[in-house]
Amino acid sequence: MLLTHANLATFGANAPYGLVPDGAIWMVGACIQWIGRMEDVPRQARDGESMDLCGRLITPGLVDCHTHIVHAGNRAREFELRLGGATYEEVARSGGGINSTVSATREASEEDLLGSALSRVDALIAEGVTTIEIKSGYGLNIDSEIKMLRVARRIARDRSVRVVTSFLGAHAIPGEYAGRPDAYVDEVCLPALAVAADAGLVDAVDGFCEGIAFSKEQIRKVFEAAKTLGLPVKLHAEQLSNLGGTRLAAEFGALSSDHLEYATEVDVIAMARAGMVAVLLPGAFYFLRETKLPPIDTFRKHGVGMALATDCNPGSSPMTSPLLVMNMACTLFRMTPEEALAGMTLHGAQALGLSDCGKLYAGARADLAIWDVEHPAELAYRLGFNPLHKRVFAGAV
Ligand code: NIG
Ligand code: FE
């Protein structure tokens, strides 16, 4: 299949967005065989099927590299409480927060979890997402963590989307272990990780390093276990305070550190040295009405790639719109529309350790989003409008 007369956002160094005007993409099987200007299309490519895109924009398929999209219930009541003055931490410490989603998720059947997750996944797909990272972390016992990860794998079978899983057993301390976080790590989190990894359900290991969650020492234990299993790590860190989680993650050569509102320049330098990606979550910043901005200029200064994601979850970011995330990244974090698009493609893929997507080049997977826009800045510019024309997943339109 040859896609013709499109503007291509390749993120090459030649132009802003790596824009190739009046370009073409030749797809063979699940891959991009050739990409370039219309006048250079190879002869064999012209012999097959083709589709005239009449000047539309092609970007890499979007990558949502941080989601908690598998969960049951919602936290609208907690939203009301927070608007009435309660803080996210107060709600969590009074037994609500993540633990209320844990109760709902434990009770839900695998079928129900799958059904509710698919409706959210469909919203992401409708806005051009082709790769989704999905975390466990609302089970917090062995069976329920496994249940969540099985649902995540089933999503990739039921929809034309690529799923990358993260084990997030160190997300919160469940009620039955209140005040005994070390016992939880030893008796539940580490054994659950071993079982899940053995079942082939884990692509990476995540944690939440925060006053309301786990200390650096507890996360270190989880990361050591990941290392033994040969799994990459990443961390929710520096979201509500600075506990040094990012520097710990850097020590383990983590893929990313996520949230990062309270990260310092020392943290950013450690990330740069370790080749980590900064995963920024403007939906959570907005929804929790945070005021401390992540250090965007410092990431730029040290060349740390900035990825963006929905963080889709019922407590801090109940959102399923990557385009709105891009808009928020520009309006709230002052990222440029070009950085926002790279955050949802190029750097999102990097944050997952994937090199075959997130960028348009010959040899990459043919995961594409085709947009009814003239200029890529329009993707971050509009609110509540979806200009997706078509989506291509592994070469299939
Ligand atoms: O990424 N920060 C921790 N975890 C989630 C929130 C989960 C929840 O509140 O249910 C996040 O924001
Ligand atoms: Fe998260």
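For the numbers below, each heavy atom of this structure counts, side chains included, while hydrogens, waters and symmetry mates do not. One-based numbering, in listed order, for ligands and for the atoms of each.
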K.L.:
Parallel, tilted or perpendicular: which one describes the rings of His66 and His259, with boundaries at 30° and 60°?
P.N.:
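Rings of His66 and His259: perpendicular, over 60°.
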
K.L.:
Tabulation required: pairs of a nitrogen or oxygen in ligand 1 and a protein nitrogen or oxygen under 3.5 Å; columns are atom names and distance to 0.1 Å; otherwise 'none'.
P.N.:
{"from": "ligand 1", "atom 1": "1 (O)", "to": "His68", "atom 2": "NE2", "distance (Å)": "3.3"}
{"from": "ligand 1", "atom 1": "1 (O)", "to": "His236", "atom 2": "NE2", "distance (Å)": "3.1"}
{"from": "ligand 1", "atom 1": "1 (O)", "to": "His259", "atom 2": "NE2", "distance (Å)": "2.9"}
{"from": "ligand 1", "atom 1": "1 (O)", "to": "Asp311", "atom 2": "OD1", "distance (Å)": "2.9"}
{"from": "ligand 1", "atom 1": "1 (O)", "to": "Asp311", "atom 2": "OD2", "distance (Å)": "3.0"}
{"from": "ligand 1", "atom 1": "2 (N)", "to": "Gln239", "atom 2": "OE1", "distance (Å)": "2.9"}
{"from": "ligand 1", "atom 1": "4 (N)", "to": "His171", "atom 2": "NE2", "distance (Å)": "2.8"}
{"from": "ligand 1", "atom 1": "9 (O)", "to": "Arg75", "atom 2": "NH2", "distance (Å)": "2.8"}
{"from": "ligand 1", "atom 1": "9 (O)", "to": "Tyr88", "atom 2": "OH", "distance (Å)": "2.4"}
{"from": "ligand 1", "atom 1": "10 (O)", "to": "Arg75", "atom 2": "NH1", "distance (Å)": "2.8"}
{"from": "ligand 1", "atom 1": "10 (O)", "to": "Arg75", "atom 2": "NH2", "distance (Å)": "3.3"}
{"from": "ligand 1", "atom 1": "10 (O)", "to": "Tyr138", "atom 2": "OH", "distance (Å)": "2.6"}
{"from": "ligand 1", "atom 1": "12 (O)", "to": "His259", "atom 2": "NE2", "distance (Å)": "3.4"}
{"from": "ligand 1", "atom 1": "12 (O)", "to": "Asp311", "atom 2": "OD2", "distance (Å)": "2.9"}
{"from": "ligand 1", "atom 1": "12 (O)", "to": "Ser316", "atom 2": "OG", "distance (Å)": "2.5"}

K.L.:
Could you tell me if the side chain of Leu352 sits less than 4.5 Å from the side chain of Thr131, heavy atoms only?
P.N.:
yes

K.L.:
Report the relative orientation of the aromatic rings in Tyr138 and His68; use parallel for angles under 30°, tilted for 30 to 60°, perpendicular for over 60°.
P.N.:
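Judged by the thresholds at 30° and 60°, the geometry between Tyr138 and His68 is tilted.
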
K.L.:
Are Glu89 and Arg93 within salt-bridge range, i.e. N to O under 4.0 Å?
P.N.:
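No salt bridge links Glu89 with Arg93.
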
K.L.:
Decide, yes or no, whether a salt bridge links Arg82 with Glu90 under the criterion of side-chain N to carboxylate O below 4.0 Å.
P.N.:
no

K.L.:
For Arg162, is there an ion pair with Asp356 - N to carboxylate O distance below 4.0 angstrom?
P.N.:
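A salt bridge is present here (some side-chain N lies under 4.0 Å from a carboxylate O).
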
K.L.:
Does atom CD of Glu110 have more than 12 heavy-atom neighbours from other groups under 6.0 Å away?
P.N.:
yes

K.L.:
Is it true that Arg391 and Glu127 have a side-chain N and a carboxylate O under 4.0 angstrom from each other?
P.N.:
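Result for this pair is no, no salt bridge flagged.
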
K.L.:
Using a cut-off of 2.8 Å, how many protein N, O or S atoms sit around the Fe ion (ligand 2)?
P.N.:
4

K.L.:
Considering only NZ, NE, NH1 and NH2 on the basic side and carboxylate oxygens on the acidic side, decide whether Arg106 and Glu176 come within less than 4.0 Å.
P.N.:
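Judged by the 4.0 Å cut-off on N to carboxylate O distance, Arg106 and Glu176 do form a salt bridge.
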
